[in-house]
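Notes follow the structure.
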Number of protein chains: 4
Amino acid sequence: MKVGIIGLGYWGPNLLRNFLAQPDVTKVTGCDLNPSRIKSNKLKFPNAEFTEDYDQILKGDTDLVVIATPVATHYPLAKTALENGKHIWVEKPFTASVNEAIDLIETAERKNLNIFVDHTFIYNGAVIKLKELVDKGELGNILYFDSERINLGLFQKDVNVVWDLAPHDLSIMLHLMNQKPKSITATGIANFNGMENLAHICVYFENNCFAHFHVNWTSPVKIRRMIVGGDKKMVVYDDMENMEKIKVYDSGIDIKSTEKIHEALVQYRIGDMYSPKVIQVEALSLAARECLDAIKENRLPKTSGYDGLEVVKILEASDRSIKNMGQIIELADLISA
Amino acid sequence: MKVGIIGLGYWGPNLLRNFLAQPDVTKVTGCDLNPSRIKSNKLKFPNAEFTEDYDQILKGDTDLVVIATPVATHYPLAKTALENGKHIWVEKPFTASVNEAIDLIETAERKNLNIFVDHTFIYNGAVIKLKELVDKGELGNILYFDSERINLGLFQKDVNVVWDLAPHDLSIMLHLMNQKPKSITATGIANFNGMENLAHICVYFENNCFAHFHVNWTSPVKIRRMIVGGDKKMVVYDDMENMEKIKVYDSGIDIKSTEKIHEALVQYRIGDMYSPKVIQVEALSLAARECLDAIKENRLPKTSGYDGLEVVKILEASDRSIKNMGQIIELADLISA
Amino acid sequence: MKVGIIGLGYWGPNLLRNFLAQPDVTKVTGCDLNPSRIKSNKLKFPNAEFTEDYDQILKGDTDLVVIATPVATHYPLAKTALENGKHIWVEKPFTASVNEAIDLIETAERKNLNIFVDHTFIYNGAVIKLKELVDKGELGNILYFDSERINLGLFQKDVNVVWDLAPHDLSIMLHLMNQKPKSITATGIANFNGMENLAHICVYFENNCFAHFHVNWTSPVKIRRMIVGGDKKMVVYDDMENMEKIKVYDSGIDIKSTEKIHEALVQYRIGDMYSPKVIQVEALSLAARECLDAIKENRLPKTSGYDGLEVVKILEASDRSIKNMGQIIELADLISA
Amino acid sequence: MKVGIIGLGYWGPNLLRNFLAQPDVTKVTGCDLNPSRIKSNKLKFPNAEFTEDYDQILKGDTDLVVIATPVATHYPLAKTALENGKHIWVEKPFTASVNEAIDLIETAERKNLNIFVDHTFIYNGAVIKLKELVDKGELGNILYFDSERINLGLFQKDVNVVWDLAPHDLSIMLHLMNQKPKSITATGIANFNGMENLAHICVYFENNCFAHFHVNWTSPVKIRRMIVGGDKKMVVYDDMENMEKIKVYDSGIDIKSTEKIHEALVQYRIGDMYSPKVIQVEALSLAARECLDAIKENRLPKTSGYDGLEVVKILEASDRSIKNMGQIIELADLISA
């Protein structure tokens, strides 16, 4: 397998390092329009090759094109790669619009090529454990999902805080739930350069389940925390904890049947807590492995274009909802549009 | 001053104790329809008097009637007290509707009587310090206010989580801001008995400021946290901390003018943090003092019926918005309704 | 049972309240030389009787004399009570010296009376859970015990920080271990009034087990934390945590046999953690119950004079060791002295 | 300047990277007896040279020999380097004994060469800030120093936990204090392979100041915390905190003069806390810079052989004291020995 990586910014060196470490990858080529980035990566990765010409990657002998450029360029680069018969790996968020995502998925299917969307957190030890807990029914039915990802962060020039931070949490939520969201409402505020720096997204599901996401670039404290509330147990996933990232609470709400209607029907219960050990393997190395294996086995990867599309739907809907002060957006309407 | 307290539930004994401790209160009478509550309070407060007949309080020689009953009964009790020439103290939330609140305010003004609404947190040392910081301009312009009040809590029989928990945070927010909210949008979910157990409220202000409130009875962890983001400094108020409840961060966003438009315009800055000492006096004792002083001085108390009304507006609007999946509600429309 | 309580200082009202609540206690009499203390307690506890004359307690119709006075007065009061045929409850530390403790134990045995020493923490839910874990072998062999009890605290006039704070942790440690300590060494410093305000005590056991205690009145932060290291599991008990006071770590050291001697013999292992639910009953109420039951059943209570003596041995030895800059003191030598 | 680094274990790559980054370093040669370590470092650092023959470093054209080997080999390597006219950088702990340290210092002085001991923490932003606070008198007189460095750690084959972990904290303490320690007492326990895995060191100073160090390889939780108690302010340095590593408490003890002797003489005071911003530069890069500058300017570096010697004195005394169950050791006696 020959891998070409376009875009050597913040995430590029991690991609280079991880693809170089895969035993079945025979060549890794890095590409960036900025010569100084090529120079610094050349020093760190003497085994990789480098070019400033992305057509060499998109049209050369590459098997897999990794796209790690600003989101607005994902679609044209990915489209060209697919049309030249390359499998693609695209950084999150998959595309800048639902229509772009659908077009890429259709193109890949027509050409029998693979799309891998880099929702890295799906390969993170804590999320793997969370998924395990949900799937074996330890939490019972999921009542709600609440996520907070806030800190003092660099403003992105091209996207607002929703497109920058929410894809992580949206992809985790969609991965855990065994159903699709129905509609969303979002609110936010742009205090500085016209891009929202703080936003809240609420997601409704069919069966009375509800999810909420708080993203913020202007918080004095850094919080990375998720609560998954089940009717049997509840989990808190705190990514700022060094050791105990996942805590499972045998706590919850009990509904007692009672003769006197409306009296003490609902009671709470506090039990033990436990914090399972979480595997420590680098998520990106598991992601690279899954991408390559899926290509070899000619199957959808765990995080395919379809997963990327679901996230982009919510992002696009959020922008629309924020502009209309929390207007409800049916996700189904995005496609027919 | 003679004080009569109606409702000796959870909060009643605190009210008894604090009014008994005021030097200018000559008589405190507790009242409840439940004889066992009267019995247990009699043991604890041998200096107080007790009755099961609330008309004795509402129509007797009481100067101040303290109403600590379920919210649905606030209006009839308060109305009777005012019409019998008594000043009133009403537990939060002030009333069950905007119309009730307006009617009580008008009645009190006509009869030249005082309404005190027990937004106890306004008298809490941490909130007093927060208000001081905001008023002396240490935070600069307030960009946003974010509040979280979640835990595993007893379900109320008569109200949802918004009416139970949000009045605390709404009253703090309104106290800190020097402007009135314009509109709100709210979402939530009722997983058990038809009453919302989890909700989010977003509040819009005129000048691009934004507030958000998360209240939840079904969280496995207890969080009581507020962030006030200013354009100069930012504050985190964590009520679960034993000592350092207030932290002031000299951190924020700097906007640099630059020739290259769209490049590095917005940067973040991290500086020192400090945690000011907070006074430790019991908030309810300061509240009782303020209520009595305002009556004596014939002036509005710090937490008057007007403050109670502003909170009730948002509560009523939230119910309406939740039912319509986040529909925007203009607060001005509630009154004319 | 008639109970007389001598000393109505900080702890006195808690004793009054808890003995008044025991169903088999027919009379509780409070006693203090200070009339203002009697006055304030009379208001709070209208069902108790009060006297300024301690002979009324020591020589009257009392069955159980509760001694909650400064430690220097424990011995004379306790001795008189025993000689007048009363059972005794003595606050921690039991006595001001080993000799006093031994004399009281001998007197009580001669007169067939009970001594209860108020090591309240033994009746605390977290310690009960800890004891359960140790006794069922979940931790394996205990390797070490490490305790920290530090804060900014009121200086006691009559005792140093060791006599004030260490009895709590020493009593817990002795309760958990199924063996007696052999020798101790202690160090400390007196920065202010000649009384040590900071001290460290190290305790040696026969079988290579080791315990350490840090007590400090001059710490800017409050820490109440114990680590119990077993060769199977390890426990952290953090009394400052609201909910998760006890954490059990399936972590530890594994010894691998290997051909290459001295290579990788000792490895560490990190596994799951869990935090068991802890009962929330007030410790002092369980203590009062145990004291009364032991008298009725004519048996030693869980915290008897013998337990008090073991703590006093370490306290007396610590004073001696601190004065000699950490000199080792054999506990057996204290008795023969 | 030509730099040769002997020992490419855990710390070696950091040394390579940091010396390669110094502009006045023209050549960096890495050396290890283990070819696989050379191979892996060669890949990472294509600009460095490598050799398996340490005589090439010790006797070649090197200006500065960096010794990052097990402590038992520090002395022979350092001695040879000095005798061949090389400046030396030695990892902590400086040597395996006081006599070795003295001999190296004398050799270096005779040959007018520099010894740099790598007490890296002295160049850490938090410690730089701490030193600044102490030196400008913000804490007042230092009353005590308390340090805890515990975790579940790899057992070293050649040294106990004192020689492995304590040098960090001892070097920080000696750096902050403007006086030398007088005597020490230490206790510990060896539960596994004959090497102490847990130890406590107490250090006495002339003026009633006291320091304590807890080091432990067998703790289920990781703690890296120091308290410096001054008579004006107190500081907590928590290295596990992401942002607020240093907290300065305007809290302490006030001594009131009073007519009634022994009454309320000593009171505590709680004031504001603040957490100063700490510089984020990598400590090792500042250390490398200081080492090279000191050589160029022909002066003692901030962490010289003398500083290394003071730490080794306490380590050697601790071993002796632990073997004698806390026996007091006068540090002056170590030299004449």
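Letters A, B, ... are given to chains in the order of the sequence lines, protein chains preceding strands, and every chain is numbered from 1.
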- When only pairs under 4.5 Å are counted, which of E148(B), K247(B), H200(B), Q327(B) shares the most heavy-atom pairs with chain A? H200(B)

- Whether over 12 other heavy atoms sit under 6.0 Å from K180(A) NZ: no

- Could you walk me through whether M173(A) and S147(A) pass the side-chain contact (heavy atoms from CB on, under 4.5 Å) check? CA-CA 9 Å; M173(A) 180 268 284; S147(A) 157; over 6 Å; no

- On a heavy-atom basis, the closest approach of A126(A) and Y237(A) is CB-CE1, 3.5 Å

- Message: Counting C-beta onward and ignoring hydrogens, is there a side-chain heavy-atom pair between E310(B) and L331(B) closer than 4.5 Å?
- Response: no

- Query: Does the side chain of V248(B) come within less than 4.5 Å of I246(B)'s, by heavy atoms?
  - Reply: yes

- Sorted by chain and residue number, the side chain to side chain contact (heavy atoms under 4.5 Å, CB included) partners of P76(A) (sequence neighbours excluded) come out as none

- Message: Is it the case that the side chain of D32(A) and the backbone of L8(A) share a donor-acceptor pair, with hydrogens and angles ignored and the cut-off at 3.5 Å?
- Response: yes

- Message: Can you tell me which portion of L198(B) sits under 4.5 Å from chain A's heavy atoms? Options are side chain, backbone, both or neither.
- Response: side chain

- Message: Go through it in stages, so that I can follow the logic: the residues are V235(A) and E138(A), the test is side-chain contact (heavy atoms from CB on, under 4.5 Å), and I'd like the CA-CA distance, side-chain angles, deciding distance and then a yes or no.
- Response: CA-CA 10 Å; V235(A) 176; E138(A) 195 159 332; over 6 Å; no

- Is there side-chain contact between I314(B) and F213(B), with at least one heavy-atom pair below 4.5 Å? no

- Message: At under 4.5 Å between heavy atoms, what parts of residues 183-191 of chain B are in contact with chain A? List them by residue number.
- Response: S183(B), T185(B), T187(B), G188(B), I189(B), A190(B), N191(B)

- Message: Sort by residue number and list every residue of residues 222-230 of chain B having at least one heavy atom under 4.5 Å from chain A.
- Response: I223(B), R225(B), I227(B)

- Assert top hit (heavy-atom pairs under 4.5 Å, partner chain B, pool I328(A), V221(A), L152(A)) equals L152(A)

- Query: Is the number of heavy atoms from other residues, nucleotides or ligands under 6.0 Å of M243(A) CE greater than 12?
  - Reply: no

- Task: Report yes if some heavy atom in the side chain of Y144(A) is under 4.5 Å from a heavy atom in the side chain of S219(B); otherwise report no.
- Result: yes

- Message: Heavy atom to heavy atom, less than 4.5 Å: which residues from residues 159-166 of chain B reach chain A?
- Response: none

- Task: Decide yes or no for K233(A) and L139(A): does some side-chain heavy atom of the first lie under 4.5 Å from some side-chain heavy atom of the second?
- Result: yes

- Task: Among the options P220(A), S251(A), G326(A), pick out the one with the most heavy-atom pairs lying under 4.5 Å from chain B.
- Result: P220(A)

- Residue D231(B) versus chain A: region with a heavy atom under 4.5 Å: neither

- Query: Does the side chain of I253(B) reach to within under 4.5 Å of the side chain of W217(A), using non-hydrogen atoms?
  - Reply: no

- Message: Can you tell me how far apart CZ (R149(A)) and CD1 (I172(A)) are? Round to the nearest 0.5 Å.
- Response: 6.0 Å

- Query: Which of the residues V236(B), N197(B), D146(B) is involved in the greatest number of heavy-atom pairs with chain A at under 4.5 angstrom?
  - Reply: D146(B)

- Item | Value rounded to 0.5 Å, distance of CD in E316(B) from CG in L334(B) | 5.5 Å

- Task: Would you please indicate yes or no on a ring centroid separation below 6.0 angstrom for Y204(B) and F210(B)?
- Result: yes

